[in-house]
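Single-structure report; data block below.
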Amino acid sequence: MPELPEVEVLRLRLDSLLANKKLVDVDVLKSRVVRPELPKFLKDKIVNCTISKVRRRGKFLWLELKHFQSESAFPLIIHLGMTGRLFIQKNIKSLPKHSAVVFKLNNEYLVFKDPRSFGRVTLDTDCIENLGVDALSSDFTEDALASVIKNTSQSLKARLMNQKKIAGLGNIYSCEVLHKAKISPFIKGSSLCANKLKDLLKAIHVTLHNQVNFGLSLDLDFKGEYKNDGLFYYGTKSTQKNQLQEPFSVYGREGESCRNCESIIMRETQINRSTYFCPECQK
DNA sequence: CGTCATGTTAAGGA
DNA sequence: TTCCTTAACATGAC
C-alpha cells in the first residue's frame, strides 16, 4: 500500500474517524511488528490515551496520543511496509489472516494487518527524526531538491527513493515522476540542467497531488475486506468495473507502448528494484 | 516449480 | 568518519 499518496489518503480518512477517541486496549498478535520495544511496553504506554490527531511524514503515519492529565502529546508510529493495511471493525469475532495489532477503542477496533510483517508499530521516534523533507511539503523547493541530488555517486532514481533525503517517493512514483519529467533514471543528479530540475520538481508535485485526489475519490468503507476496505491501494485497478483506475504511465508496463511516443517501455534492475522507463522519452 | 512484489535496515566495503 | 551497496526480512500472486 505504501507510498506518500496512499498514506496521505489513509491519514485523512483515519483522522476524521479517530480524532478524540480513546485507546482502551491493545493486542499484539505478531510481536515482530512491534519493534524495537516490547509489546508490553507499548501497551503500558498507550492504553487510556486519547488520539488527538493523525499525522504523516513521508510514508510514516502516526497517531498523536495524549494521556488524560498530561499536556504533552507523543506519537504512536505506524509504517505499512509493503503489505500493511489499517481498517476499522465493529467487532473482532473474525479477524483477517495476518492481523498483527488490534487497537481497541470504545465501540470499535482499529486493526493493523500485515502479511509480510515488514511494517511496524512503534513508540521509537528515530525513524521519523531521520527523515528528509516531505515530498508534498512547502519546504520541498528547487533548492532542496538540488541539494539532495547533487554531490553523490548515486543515480538520480536512487536519490529520489532515499527517505533520508526526500520522504515519500518509493519505487512506483519515482518511476512515474521521472517519466513525466522526461529524465533518465540512470543519470547522476549533478548532470541535470536548471530547467530539467524545475520539470522534475513539478512532476513530483503534480503526480503526488493527482494520486492523493484519485485516492480521495475512491469509495472506501473500512470493512476490512480486500476491496473498499479503507485503504487506498495501488491494486484497485483489478476491482469493480465502475471503479476508477490508477493510471500509471510506466510502472508495471514493461513491453507496452509509451503514451507519449509509442516506444516500448523497458524494465531494468536498479538498486535491487525494477525501474520502468521509456528509452525514447527518458534519454 | 520460478519470478516478482508499493520498503527499510543491518552489515560490510571503500 | 561518512557514504554507498547488498542481502535479508516473510508471504502471496501469478
Side-chain angles (χ1 to χ4, degrees), chain A residues 1-11 29-36 56-61 77-86 96-100 112-122 124-132 135 147-178 186 188-190 204 207-208 211-212 214-215 218 225-227 229 231-239 245-255 266-276:
Chain A
M1 141 106 189
E3 292 181 44
L4 185 152
E6 294 88 343
V7 180
E8 175 61 7
V9 170
L10 180 62
R11 184 191 72 77
L29 306 169
K30 280 195 185 195
S31 58
R32 165 173 221 284
V33 164
V34 177
R35 59 185 189 272
R56 179 193 64 76
R57 176 148 171 191
K59 308 171 194 173
F60 285 82
L61 188 73
I77 298 166
I78 301 174
H79 192 288
L80 299 165
M82 293 275 250
T83 51
R85 333 184 105 241
L86 274 174
K97 202 176 175 187
H98 298 300
S99 290
F112 177 55
K113 109 170 186 181
D114 186 7
R116 289 173 77 177
S117 305
F118 291 176
R120 194 144 85 102
V121 173
T122 186
D124 188 325
T125 55
D126 280 1
C127 53
I128 53 174
E129 281 161 10
N130 294 323
L131 285 176
S147 74
V148 160
I149 66 178
K150 64 186 186 192
N151 295 330
T152 173
S153 64
Q154 287 186 305
S155 66
L156 179 54
K157 187 186 174 223
R159 231 39 199 172
L160 294 181
M161 299 206 344
N162 185 334
Q163 303 301 300
K164 290 190 172 64
K165 302 294 173 185
I166 305 169
L169 290 174
N171 199 35
I172 292 178
Y173 294 113
S174 296
C175 292
E176 291 295 304
V177 140
L178 287 164
F186 306 103
K188 302 270 188 285
S190 52
I204 293 171
T207 302
L208 296 181
Q211 285 303 113
V212 170
F214 169 79
L218 295 174
E225 303 301 323
Y226 263 95
K227 290 150 193 146
D229 68 346
L231 273 194
F232 170 37
Y233 188 67
Y234 95 103
T236 43
K237 58 185 171 185
S238 66
T239 62
Q245 300 218 340
E246 281 179 289
F248 294 141
S249 299
V250 284
Y251 185 82
R253 298 192 65 236
E254 181 185 19
M266 309 276 288
R267 176 167 69 93
E268 265 180 48
T269 295
Q270 186 178 21
I271 45 168
N272 278 327
R273 316 296 296 268
S274 287
T275 290
Y276 296 87

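Chain letters run A, B, ... following the sequence lines, proteins first and then strands; every chain starts at 1.
Dashed line: the shortest gap from a side-chain N or O of A:R120 to OP1 or OP2 of B:dT9 is under 4.0 Å. Taking only side-chain nitrogens and oxygens, A:R267 comes nearer than 4.0 Å to OP1 or OP2 of B:dC4. Phosphate proximity of C:dC9 to A:S117: absent, as no side-chain N or O sits under 4.0 Å from OP1 or OP2. Residue A:T83 places none of its side-chain N or O atoms closer than 4.0 Å to OP1 or OP2 of B:dT6. Side-chain N/O atoms of A:K59 include one lying less than 4.0 angstrom from OP1 or OP2 on B:dG7. At the phosphate of B:dT6, neither OP1 nor OP2 sits under 4.0 Å from any side-chain N or O atom of A:Y173.
When side chains are defined from C-beta on, A:I166 counts as touching A:L160, because their heavy atoms get closer than 4.5 Å. Within the 4.5 Å cutoff, side-chain heavy atoms of A:L80 are placed close to those of A:L10.
Base-pair partner of C:dA10: not found among the strands shown (Watson-Crick or G-U wobble, both distances under 3.5 Å). A 3.5 Å limit on both hydrogen-bonding distances identifies no Watson-Crick or G-U partner for B:dT6.
With distances taken from any side-chain atom of A:P115 to the nucleotides B:dT6, C:dT11, C:dC4, the minimum falls on C:dT11. Distance from the side chain of A:C127 is smallest to B:dT9 among B:dT9, B:dT6, B:dA5. Candidate nucleotides C:dG12, B:dG7, B:dA5 were compared by shortest atom distance to the side chain of A:Y251, and B:dA5 ranks first. Here the side chain of A:N171 is nearest to one of C:dC4, B:dT8, B:dT6, namely B:dT6.
Separating the CG atom of A:L4 from the C1' atom of B:dT6 is a distance of 12 Å, rounded to the nearest angstrom. Residue A:K97 contributes atom NZ, which lies 4 Å from atom P of C:dG12 at whole-angstrom precision. For A:L169 and B:dG7, the CG to C1' distance is 13 Å, given to the nearest whole Å. Between A:R57 atom CZ and B:dG7 atom P there is a gap of 18 Å when expressed in whole angstrom units. Spacing between atom CZ of A:R273 and atom P of C:dA7 amounts to 15 Å, rounded to whole angstrom units. Atom pair A:M161:CE and B:dG7:C1' shows a separation of 8 Å (rounding to whole Å applied). Between A:E129 atom CD and B:dT9 atom C1' the separation is 17 Å, expressed in whole Å. Between the CD atom of A:Q163 and the P atom of C:dC3 there is a distance of 17 Å, given to the nearest Å.
Both stacking criteria are satisfied for A:F118 over the base of C:dC9: a centre-to-centre distance under 5.5 angstrom and an angle between ring planes under 30 degrees.
One can find a donor-acceptor pair under 3.5 Å joining the base of B:dA5 and the side-chain atoms of A:R116.
How far CZ of A:F186 is from CD of A:E268: 4.0 Å, rounded to the nearest 0.5 Å.
Side-chain polar atoms of A:R267 and A:S274 form a donor-acceptor pair below 3.5 angstrom.
A:K30 contributes a side-chain N or O that, together with a main-chain N or O of A:D114, makes up a donor-acceptor pair within less than 3.5 Å.
The 5' end of DNA chain C is approached more closely, in terms of each residue's nearest nucleotide, by A:R32 than by the other of A:H98 and A:R32. Comparing A:N272 and A:N162, the nucleotide of DNA chain C nearest to each residue sits closer to the 5' end for A:N162.
At a threshold of 4.0 angstrom between heavy atoms, the contacts of A:R159 are confined to the sugar-phosphate backbone, with no base atom among them.
Applying side-chain hydrogen bond (donor to acceptor under 3.5 Å, both in side chains) to A:N171 and the options A:R273, A:E176, A:K157 leaves one that passes, A:K157.
Taking the P atoms as reference points, B:dA11 lies 15 Å from C:dA10, given to the whole Å.
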